[in-house]
Asker: 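Here it is: the structure, laid out below.
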Amino acid sequence: MRTKRAAIYVRVSTAEQDTGLQETELVQYVESRGWSYVVYRDKARSGAKADRPALNRMMEDIRKRRLDVVVVWTLDRLARSLRQLLMIAEECQLLGVDLVSLRQNIDTTLPAGRLTFQILGAVAEFEREMLRERVRAGMAQAQRAGKRVGRPPRRQFTPSEIDKIRALRSDGTSVRKLALDFGTTQWTVARLTNSDERQTLAT
């Protein structure tokens, strides 16, 4: 049987300075299970809440099937919010990657621990349904207030405006500037001027 490849993910705030305490126990645990491992370390920085390069690298390795299990100290080290935790857990489950939280005794590599993924999946579905309900309620309220719901109607250009847009584009005016000047989208400008540019914007 192939040795499991574990990701040890550790994160600390600037106040904590050092990942050593987390890392020591996690490495001991992983080695006791006979797994190979890679350590991913993040240190939070003020004003950079979304900047977690080690987490991003780990998720990329998960997607490339380089890992079999993610091991963390506690779940709050892995995610800053319930929504983020649910997203990570769902992706791990979809790709067949297990999740271990050492201090919380969560281990989806074991039969009893697999219930964790089922619970997290149910919570994720509940959250999505609540979001759908809020969106529907907001749209209904907007309609009752006489507000338009959905995309605004596409602006209709006169033949002379279309000719002017095409002439300016031929003279080198950028698609972005034309969109701003004529109060429309870059996609619409590209559609009116050149199908090749439209294809570029779509890719």
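No experiment lies behind these values; they were computed from the predicted model shown.
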Asker: Determine the minimum heavy-atom distance between Q186 and A179, stating which atoms define it.
Answerer: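 Shortest heavy-atom separation between Q186 and A179 comes out as N-CB, 3.6 Å.
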Asker: Could you give the distance from OG1 (T74) to CD (Q104), rounded to the nearest 0.5 Å?
Answerer: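 Separation between the atoms: 5.5 Å.
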Asker: State whether the side chain of T193 and the backbone N or O of V189 hold a donor-acceptor pair below 3.5 Å, judged by distance alone.
Answerer: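 Indeed, once roles are kept as given, a pair shorter than 3.5 Å links the two residues.
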Asker: Without swapping roles, check the side chain of R5 against the backbone of R65 for a donor-acceptor pair under 3.5 Å.
Answerer: yes
Asker: Supply the atom-to-atom distance L99 CG to L85 CG, rounded to the nearest 0.5 angstrom.
Answerer: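 Rounded to the nearest 0.5 Å, the CG-CG separation comes out at 7.5 Å.
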Asker: Quick one: does R176's side chain have a donor or acceptor within less than 3.5 Å of a partner on L180's backbone?
Answerer: no
Asker: For D68 and V97, indicate whether the former's side chain and the latter's backbone hold a donor-acceptor pair under 3.5 Å.
Answerer: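 It does not hold such a pair.
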Asker: Do T109 and R33 meet the criterion of a side-chain donor-acceptor pair at a distance under 3.5 Å?
Answerer: yes
Asker: Mark yes or no for whether E161, through its side chain, and T158, through its backbone, hold a donor-acceptor pair below 3.5 Å.
Answerer: yes
Asker: Could D61 and R66 be called an ion pair, given the rule that one side-chain N must be under 4.0 Å from one carboxylate O?
Answerer: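 Looking at R66 together with D61, the answer is yes, because their closest N to O distance falls below 4.0 Å.
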Asker: With sequence neighbours left out, what residues match D76 under salt bridge (Lys or Arg N to Asp or Glu O under 4.0 Å)?
Answerer: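 Testing D76 for salt bridge (Lys or Arg N to Asp or Glu O under 4.0 Å), a comparison that skips the adjacent residues, returns none.
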Asker: Nearest 0.5 Å, please: how far is CD1 in I165 from OG1 in T184?
Answerer: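 These two atoms lie 7.5 Å from each other.
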Asker: Do N56 and Y40 pass the side chain to side chain donor-acceptor pair (under 3.5 Å) test, and can you show the C-alpha distance, the side-chain angles, and the key distance before you say yes or no?
Answerer: CA-CA 10 Å; N56 294 336; Y40 299 82; over 6 Å; no
Asker: I'd like to know if the side chain of R77 and the backbone of R11 have a donor-acceptor N/O pair within less than 3.5 Å.
Answerer: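 Checked: pair present.
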Asker: Look at the side-chain heavy atoms of Ile, Leu, Val, Met, Phe, Trp and Tyr, link any pair under 4.5 Å apart, and say whether L95 and M59 land in one connected group.
Answerer: yes
Asker: Hey, could you give me the OG1/CG distance between T188 and L178, rounded to the nearest 0.5 Å?
Answerer: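 Interatomic distance, T188 OG1 to L178 CG, rounded to 0.5 Å: 12.0 Å.
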Asker: Can you list the steps and then say if Y9 with R57 is a side chain to side chain donor-acceptor pair (under 3.5 Å)?
Answerer: CA-CA 11 Å; Y9 179 75; R57 288 197 305 273; over 6 Å; no
Asker: Tell me, yes or no, whether the heavy-atom count around K164 atom NZ, taken from other residues, nucleotides or ligands under 6.0 Å, exceeds 12.
Answerer: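 For K164, atom NZ is not crowded (no more than 12 foreign heavy atoms under 6.0 Å).
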Asker: Do the side chain of Q22 and the main chain of V72 share a donor and acceptor less than 3.5 angstrom apart?
Answerer: no
Asker: Is I162 linked to V175 within one hydrophobic cluster, defined over Ile, Leu, Val, Met, Phe, Trp and Tyr using a side-chain heavy-atom separation of less than 4.5 Å?
Answerer: yes
Asker: Is there a side-chain contact (heavy atoms from CB on, under 4.5 Å) between W35 and V71 once you walk through the steps?
Answerer: CA-CA 11 Å; W35 300 338; V71 184; 4.0 Å; yes
Asker: Can you confirm whether R83 is buried at CZ, in the sense that more than 12 heavy atoms of other residues, nucleotides or ligands lie under 6.0 Å from that atom?
Answerer: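 Open.
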Asker: Which atom pair, heavy atoms only, marks the closest approach of K177 to S174?
Answerer: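 Of all heavy-atom pairs spanning K177 and S174, the closest is N-OG, 3.0 Å.
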Asker: What are the two closest heavy atoms between V30 and A6, and how far apart are they?
Answerer: CG1-CB, 4.2 Å
Asker: Dump the intermediate steps for side-chain contact (heavy atoms from CB on, under 4.5 Å) on L21 and W73, then the final yes or no.
Answerer: CA-CA 10 Å; L21 178 62; W73 176 260; 4.2 Å; yes
Asker: Return the CZ to CE distance between R52 and M58, rounded to the nearest 0.5 Å.
Answerer: 8.5 Å
Asker: How far does CD1 of I8 sit from CG of L102, to the nearest 0.5 angstrom?
Answerer: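 It comes to 10.0 Å.
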Asker: Let me check something: do V38 and V70 share a hydrophobic cluster, defined by ILVMFWY side-chain heavy atoms less than 4.5 Å apart, either directly or through other members?
Answerer: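 As far as the 4.5 Å side-chain criterion goes, V70 and V38 are connected within one cluster.
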Asker: Do you know the tightest heavy-atom contact between C92 and I62?
Answerer: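 So the minimum-distance heavy-atom pair works out to SG-CD1, 4.0 Å.
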Asker: Just do the side-chain contact (heavy atoms from CB on, under 4.5 Å) check on L75 and I106 with the steps written out, would you?
Answerer: CA-CA 9 Å; L75 293 178; I106 295 172; 3.7 Å; yes
Asker: Take L192 and F157, measure what side-chain contact (heavy atoms from CB on, under 4.5 Å) needs, and give me the verdict at the end.
Answerer: CA-CA 10 Å; L192 293 173; F157 291 96; 3.8 Å; yes
